[in-house]
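In what follows, a single structure is set out as structure tokens and then discussed.
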Amino acid sequence: MDKENDMDNNGKPNIPERFLKPYDPATTEDRVYEMWEKSGYFNPDKLPERNGKGGPFSMVLPPPNVTGQLHLGSALMLAIEDIMARYARMKGKKTLWIPGTDHAAIATQAVVEKEIQKKEGKSRHDLGRDELLRRIDAHVKTTHDVIVSQIRKLGCSIDWSREAFTLDDKRNLAVRTAFKRMYDDGLIYRGFRVVNWDPKGQTTISDDEIEYETRKAKLYTFKYGKDAKTGELIPIAISTTRPETKLGDTAIAVNPDDARYKPFISREFDAVFAGEPIHLKIVADPSVEPGFGTGALGVTPAHSMIDWEMAQRHGLPLKQVIGEYARMTAGFDEHSAPAPAFVVKGKKVAEAREAVVAWLKAEGLLEKEEEIEHNIALAQRTGGVIEPLPKLQWFVAVNKEFDHNGQKTTLKKLMKEAVSSGAVKIIPERFEKVYFNWIDNLRDWCISRQIWYGHRIPVWYREGEAPENIFIGIDAPEGDGWMQDDDTLDTWFSSGLWTFSTLGWPDEKEFKANKEYHPTTMLETGWDILFFWVARMILMSEYLLGEAPFKTVYLHGLVRDTKNRKISKSLGNNIDPLDMIVKYGADAVRMSLVVGVGPGNDSKIDEAKIKAYKLFANKLWNIGRFVFENTGDGEDLRSAIFDLRPKSSMDSEFTKKDKEYADRLDELMAEITGEMDEYKFYIVAEKLYHYAWHELADVILEESKGIFRDGSEIEKKSRRRLLLYIFDKLLRALHPFMPYITEEIYRALTSGQKMLMVEEWVA
RNA sequence: GCGCGCUUAGCUCAGUUGGUAGAGCAUUCCCUUGACGUGGGAAGGGUCGUAGGUUCAAGUCCUACAGCGCGCACCA
């Protein structure tokens with residue numbers, strides 16, 4: 001233990017002198033953190049012997065995105081997790097908490113691209129792949145360092161010797177290994193399908209990366225026009241909010257039982273729609289609702305997921321009329337359009353929509369125009385309007401049966417069973433329902449992204465699409481002429497491996513050495529990434545290791561601003577936890593985030609609350625001073641108490657009243673220990689606050705003043721014991737919540753002999 | 001459409017397995033140089049969303065409804 005900082009220039013312990021001044025978190029916290037870190041106790045392998053007897057406790061830090069700095073939500077996460085880690089450590093568990101950061105592929109690239117565009121007016125294509133990646137790496141290095149320092153400032157007792165990054169070499173090997181294995185099992189495939197295309201980010205995204213926004217839109221009802229051969233008006237009208245996509249229609253679908261349309265089923269028509277020749281077949285499909293619109297649906301297989309699926313059922317052709325920049329690739333151009341207002345080709349979809357409507361009106365085909373509300377799909381990261389496009393992409397098959405440890409199963413089933421069997425417990429429980437609901441609606445997971453930052457897909461091609469010209473492997477194939485796939489993987493593919501890629505997997509030797517930590521004991525994270533991350537970790541771990549990634553999931557809520565808005569950069573309502581720490585101290589920030597906020601519940605930031613806990617820190621400090629000053633002549637007594645002398649051996653030395661106080665504290669300790677085991681930190685913190693202030697300080701300390709002034713020797717002796725007995729336990733109990741100040745006081749009272757972080761939790 | 005959450009003091013929220021309401025902040029009054037960059041004491045303020053039900057007893061369990069928020073699906 002480093003003594004130097006605890007001594008003044010004359011080599012005397014200066015703790016008492018510090019104790020004479022008000023508590024100053026700024027000069028205390030960094031020094032205490034350094035002491036902890038130097039002790040090596042953040043690493044479970046280096047813990048004192050006592051602290052390993054309770055079995056392992058392991059937890060990964062949900063790696064923060066390297067897009068920017070942390071916000072108060074991250075601070076809440078770090079506070080809860082550090083409480084868990086410190087409690088486990090004090091309970092004698094071999095405690096491992098692994099730090100790391102997430103490359104957050106799309107998000108990070110978007111941030112850096114935006115910055116370059118703003119400052120230099122250049123696009124990623126101007127820079128090229130290598131240069132852009134260099135720029136991103138530089139950005140990531142900076143943000144990483146900021147994030148790490150924030151984690152330290154909050155006092156997190158995390159094992160820095162095992163820090164990982166989702167995009168480092170070890171994690172890359174894990175990713176390639178997982179990909180290869182899934183491919184070999186037929187669970188990863190390449191398919192030509194309609195995917196969610198983000199024209200703004202120029203990449204595909206998964207279903208989960210879409211956000212919906214309700215907007216007003218016009219629903220147009222019209223007929224396609226006259227049949228080119230017979231001149232007959234195509235008899236069925238359809239309704240749509242996107243007339244411009246109808247240039248890509250290849251069928252009209254009606255309900256098979258709809259009497260109005262039965263006679264037309266199987267007929268085929270040819271027409272020219274807004275300058276684009278189309279061929280339509282009338283098909284019957286039970287998914288069409290007779291009651292909606294005209295009861296008939298124009299089928300656009302290339303630009304709608306639902307229509308694509310319908311086209312698969314009926315063997316309909318696919319016709320793409322919109323390109324990657326969300327511009328029309330078909331229809332009237334400047335030359336063929338009868339009027340300039342009808343030009344469609346080359347226009348953005350929104351403008352093309354107006355052109356098509358203008359044309360419909362001119363042709364007398366438009367029957368109805370009504371305003372409706374509907375959801376439009378936006379890319380979560382870029383805000384771009386999603387354009388469903390047919391593309392050749394890589395997918396994880398969630399419904400495909402495969403052989404898993406001798407049993408037929410699917411990935412969906414594996415995900416479901418991990419929770420339904422109780423192997424994974426979710427707190428609060430209600431999220432289990434949400435989880436199942438998500439799984440029931442799950443479709444194949446599109447994992448390829450057309451961005452440059454991320455894990456490159458471990459697939460190589462030679463000219464031609466023949467199977468012998470495609471190579472899937474952990475390492476590049478030998479021989480000339482192989483080109484690696486340009487695409488990268490969805491960032492959640494690598495984070496899905498996090499609980500075991502951080503423990504050495506796929507290196508068998510290393511992973512075996514860490515086997516006691518997996519499945520991890522606890523996964524603490526925000527409920528907003530239940531699907532993105534928690535579900536994907538369960539998928540990967542169950543598939544690759546045949547076991548759950550963690551036993552318990554504790555979901556915390558979102559921290560919102562005072563107007564109940566989500567904290568986000570675009571709103572500019574982010575509060576830097578560091579500012580709050582400077583102002584009020586890390587302990588106060590932690591307490592204010594934790595008290596009264598149960599799992600799964602969102603909370604609001606409130607500076608007044610942080611301030612209140614700074615006052616509490618000050619109160620605690622002054623209780624410490626009082627105890628110190630009134631027990632100072634009994635160094636031996638102090639060390640005796642702080643060596644955890646059993647209370648039963650002290651009972652006879654307590655007066656009747658003091659024994660009652662001691663018993664009351666024991667009762668409280670038993671109570672809160674039970675609540676700690678149930679993860680009810682929000683209650684424990686409040687109870688300790690209340691006890692320290694309104695029982696210990698307001699009652700016992702006030703009463704002690706009289707005793708130390710006028711009491712008998714027996715009473716004085718008893719009271720000294722009592723104060724030490726209570727305060728010792730209280731400091732231990734408060735330590736997970738307010739680690740800095742409790743450590744500092746504890747060192748003062750034990751003359752720098754003991755480190756509270758590795759002291760025993762006493763129920 | 002399916003599902004979830006919230007509705008408790010002016011504000012922000014607790015309230016473990018049912019036993020006649022709590023905390024912080026805010027407000028008012030009084031006291032205090034004290035271990036306290038203040039602290040202590042006291043006060044005011046709640047038909048616990050509405051209506052039923054179960055029970056000796058319901059903020060707490062059940063049903064219905066309302067308002068707000070959210071997730072998923074649909075979105076022709």
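These numbers come from a predicted model, not from an experiment. Below, read A as the first sequence line, B as the second, and so on, with proteins coming before strands; counting in each chain starts at 1.
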Relative to the 5' end of RNA chain B, which residue comes earlier, G295(A) or E671(A), by the nucleotide with the nearest heavy atom?
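First, find each residue's nearest nucleotide; the 5'-ward one identifies E671(A).
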H374(A) or D208(A): which one's nearest nucleotide on RNA chain B is closer to the 5' end?
D208(A)
Tell me the partner of [N], counting only Watson-Crick (N1-N3 plus N6-O4 or O6-N4) or G-U wobble (N1-O2 and O6-N3) with both under 3.5 Å; none if nothing fits.
N      : result
G18(B) : none
U54(B) : none
C74(B) : none
G5(B)  : C68(B)
G24(B) : C11(B)

Using a heavy-atom cut-off of under 4.0 Å over every strand shown, decide if [X] touches base, sugar-phosphate, or nothing.
X       : result
K611(A) : nothing
L701(A) : base
D440(A) : nothing
F222(A) : nothing
D307(A) : nothing
T241(A) : sugar-phosphate
K609(A) : nothing
E373(A) : nothing
L219(A) : sugar-phosphate
I376(A) : nothing
E678(A) : nothing
A253(A) : nothing
V288(A) : base

What's the spacing between K687(A) NZ and I672(A) CD1 if we round to 0.5 Å?
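Spacing of NZ (K687(A)) from CD1 (I672(A)) equals 8.5 Å.
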What is the distance from atom CD1 of I700(A) to atom CZ of R719(A), rounded to the nearest 0.5 Å?
6.5 Å
When you check the side-chain N and O atoms of [X] and [Y], is any donor under 3.5 Å from an acceptor?
X       : Y       : result
D677(A) : Y87(A)  : yes
E209(A) : S206(A) : yes
K246(A) : T300(A) : yes
N601(A) : Y682(A) : no
W445(A) : D490(A) : yes

N or O in side chain of [X] less than 4.0 angstrom from [N] OP1/OP2:
X       : N      : result
N618(A) : G37(B) : yes
H694(A) : G24(B) : yes
Y212(A) : G71(B) : no
W693(A) : G40(B) : yes
N441(A) : G3(B)  : no

Answer with yes or no after comparing the ring centroid distance for Y613(A) and Y689(A) against a 6.0 Å cut-off, counting only values under it.
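When the ring centroids of Y613(A) and Y689(A) are compared, they turn out to be within the sub-6.0 Å range.
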What's the gap between [N] and [M] when it is taken at their [atom1] atoms, as a whole Å value?
N      : M      : atom1 : answer
U55(B) : C68(B) : C1'   : 32 Å
A51(B) : U12(B) : C1'   : 29 Å
C6(B)  : G24(B) : P     : 24 Å
G59(B) : G46(B) : C1'   : 11 Å
A64(B) : G5(B)  : P     : 14 Å
C31(B) : U16(B) : P     : 41 Å
G45(B) : A21(B) : P     : 15 Å
U47(B) : G41(B) : P     : 28 Å

Per [X] side chain, nearest of listed nucleotides [options]:
X       : options                : value
W527(A) : G5(B), C70(B), G39(B)  : C70(B)
F531(A) : U16(B), A35(B), C72(B) : C72(B)
A697(A) : A35(B), C74(B), U16(B) : A35(B)

Whole-Å distance separating the NZ atom of K705(A) from the C1' atom of U33(B)
11 Å
